[in-house]
2 protein chains.
Amino acid sequence: MSHLGYGCLMTVDRDQVLRTAAALLTRKPTATMDEVARASGIGRATLHRHFAGRDALVKALEELGIREFEAALDAARTDEGPASDALRRLVAEVEPAAGLLAFLVTENQLFEGEVNEGWDRLDARVSALFRRGQEGGEFRIDLPPAWLTEAFYGLVGTAAWAVQDGRVAAKDFQYMIAELLLGGARRSVE
Amino acid sequence: MSHLGYGCLMTVDRDQVLRTAAALLTRKPTATMDEVARASGIGRATLHRHFAGRDALVKALEELGIREFEAALDAARTDEGPASDALRRLVAEVEPAAGLLAFLVTENQLFEGEVNEGWDRLDARVSALFRRGQEGGEFRIDLPPAWLTEAFYGLVGTAAWAVQDGRVAAKDFQYMIAELLLGGARRSVE
DNA sequence: CCCAAATGAGACACTGACGTCTCACTCCTT
DNA sequence: AAGGAGTGAGACGTCAGTGTCTCATTTGGG
């Protein structure tokens, strides 16, 4: 474990720290580096050995979020079967990362310029799903895919917060998002 | 203008400053007190004469937002006519305050405890609208009013940001929110 | 016209968080 | 057992933002 810059246990721990940091910053976006370190059960110095600074930590978090969301998109097989079902699968797959996504979205909101190019790729994939649904006659065409994509992010984040604060039940997460996004609040005439 | 604590011009300017601060903080939530002052064309000292500190400013902003949202609820006459139409009216009335609302929602998100009691009142009114729609058979009953309320806030904020960043057209603001919230993305079988 | 109030600019101290560094201490390997 | 790598605790210096203060200047009313 001394022959490499990234030793065997190091990366594991790094990832562990990253997940803990994600969980904490999701709940308290203004958490201190010290709080992040304590939350992971390590010292502030060690945290700095893993991540050069707060910016580096956030950037690493961003890459983790992008990776997880991309994995969710893969696992959901968004280009197979009916778009509605694909969207439902996507919501289900994205649930574990919802809090992190919510954090990153608001974080991006206040970062001026130079956004990670990974987001564009993800936006494109989500957008493509909605477009596919539209072209297949499954989704309505009077709402632009860009808006549906934004709304997807927004609802996922909103639901994550609402669950966090206990305003809605965690078990309804997937159902509430998918149903509202797909069918809306109005009772459909069946 | 010397016989009162709140002189004639003072309150006007205070409100003016508040609106400017709202507009700025909506775009840049981390803006400095100095930036807020400059944006209003006043000195930092004068800003401190109006608002004791940053906390006081945010609190005043919160009260402004609550006031405006309450006014929107009043103007939308949410307890009259079909719930769908009432919701559409509400979205229309809330549009000018959408950015401020988005700012306050995320601000509240990171504030632990002691939320302004005004929010409960607003939540109750929005929630009541959805419940009315459900009881009237107009809205589906499998989505809890609390979730619909959260989703409403979420979509308004998301749309405000998306418009801000030019990802969607500003003129579609009302339509996109109301249509998605009411009808969802799926093409309804008419 | 004059005076009082309000303002803007700047100086100042204080705070909180950050980033760097050192120094014991604890494992783990050999 | 001995050596080294990694760690935790803590002590700095730095910096940005805040809140307070003073003082010269402007503004508006009497």
Side-chain angles (χ1 to χ4, degrees), chain A residues 1-62 103 106-107 109-113, chain B residues 1-62 103 106-107 109-113:
Chain A
M1 68 194 295
S2 60
H3 58 306
L4 281 178
Y6 285 89
C8 49
L9 284 174
M10 212 172 153
T11 38
V12 176
D13 278 5
R14 195 189 125 106
D15 215 65
Q16 187 65 31
V17 169
L18 213 46
R19 309 246 168 214
T20 309
L24 174 60
L25 289 175
T26 289
R27 281 180 295 120
K28 189 178 176 184
T30 60
T32 278
M33 286 297 270
D34 194 83
E35 292 178 280
V36 173
R38 298 309 170 94
S40 301
I42 64 175
R44 200 160 60 96
T46 307
L47 180 59
H48 268 82
R49 278 180 200 112
H50 287 326
F51 308 97
R54 194 194 181 77
D55 291 355
L57 175 61
V58 172
K59 182 159 288 192
L61 233 33
E62 192 174 29
F103 165 71
T106 58
E107 194 74 7
Q109 183 56 25
L110 59 79
F111 242 44
E112 315 253 338
Chain B
M1 69 195 296
S2 60
H3 59 304
L4 281 177
Y6 284 89
C8 47
L9 283 174
M10 212 173 153
T11 39
V12 176
D13 278 4
R14 195 188 126 105
D15 215 66
Q16 187 64 31
V17 169
L18 213 47
R19 309 246 168 214
T20 308
L24 174 60
L25 289 175
T26 289
R27 281 179 297 122
K28 189 178 176 185
T30 60
T32 279
M33 286 296 271
D34 194 81
E35 293 178 278
V36 173
R38 297 311 169 93
S40 300
I42 64 176
R44 199 161 62 95
T46 307
L47 180 59
H48 268 83
R49 278 179 200 113
H50 287 328
F51 308 98
R54 194 193 181 76
D55 291 355
L57 175 61
V58 172
K59 182 158 288 190
L61 232 34
E62 193 174 30
F103 166 71
T106 58
E107 193 74 7
Q109 183 56 23
L110 59 81
F111 242 44
E112 316 254 338

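On a predicted model such as this, the values are computed, not experimentally measured, just so you know. Numbers restart at 1 for each chain; the letters A, B, ... are given by sequence-line order, proteins then strands.
Straight-line distance from the CG atom of A:Asp34 to the P atom of D:dA9: 10 Å, rounded to whole Å. Computed from coordinates, the A:Leu47 CG to D:dG8 C1' distance equals 13 Å when rounded to whole Å. Distance A:His48 NE2 to C:dT22 C1': 16 Å, rounded to the nearest Å. Note: CG (B:Leu57) to P (D:dT18) measures 10 Å, nearest angstrom. C:dG19 atom P lies 7 Å from atom CG of A:Asp55, rounded to whole Å. In this structure, B:Ile42 atom CD1 and D:dT27 atom C1' are separated by 16 Å, rounded to whole Å. Taking atom CE on B:Met33 and atom C1' on C:dC14, their separation rounds to 16 Å, with Å as the unit. Note: CZ (B:Phe51) to C1' (D:dT20) measures 18 Å, nearest angstrom.
Closest to the side chain of A:Thr46, out of C:dG19, D:dG8, D:dG19, is D:dG8. Side chain of A:Ala45, nearest nucleotide from C:dG19, C:dT7, D:dA9: D:dA9. Checked against D:dG19, D:dG10, D:dT7, the side chain of A:Arg49 finds its nearest nucleotide in D:dT7.
For A:Asp15 and A:Arg19, the salt-bridge test passes: some basic side-chain N is under 4.0 Å from an acidic carboxylate O.
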- Item | side chain to side chain contact (heavy atoms under 4.5 Å, CB included) evaluation trace for B:Leu57 with B:Leu18 | CA-CA 8 Å; B:Leu57 175 61; B:Leu18 213 47; 4.0 Å; yes
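Side-chain atoms of A:Arg44 come within donor-acceptor range of the base of C:dG19, with a qualifying N/O pair under 3.5 Å.
The heavy-atom pair separating B:Pro29 from B:Arg54 by the smallest distance is O-NH2, 3.4 Å.
Here B:Asp13 contributes atom CG and B:Ser40 contributes atom OG; the two are 9.5 Å apart, rounded to the nearest 0.5 Å.
Within 4.0 Å of B:Arg54, counting heavy atoms only, lie sugar-phosphate atoms of the nucleic acid but no base atom.
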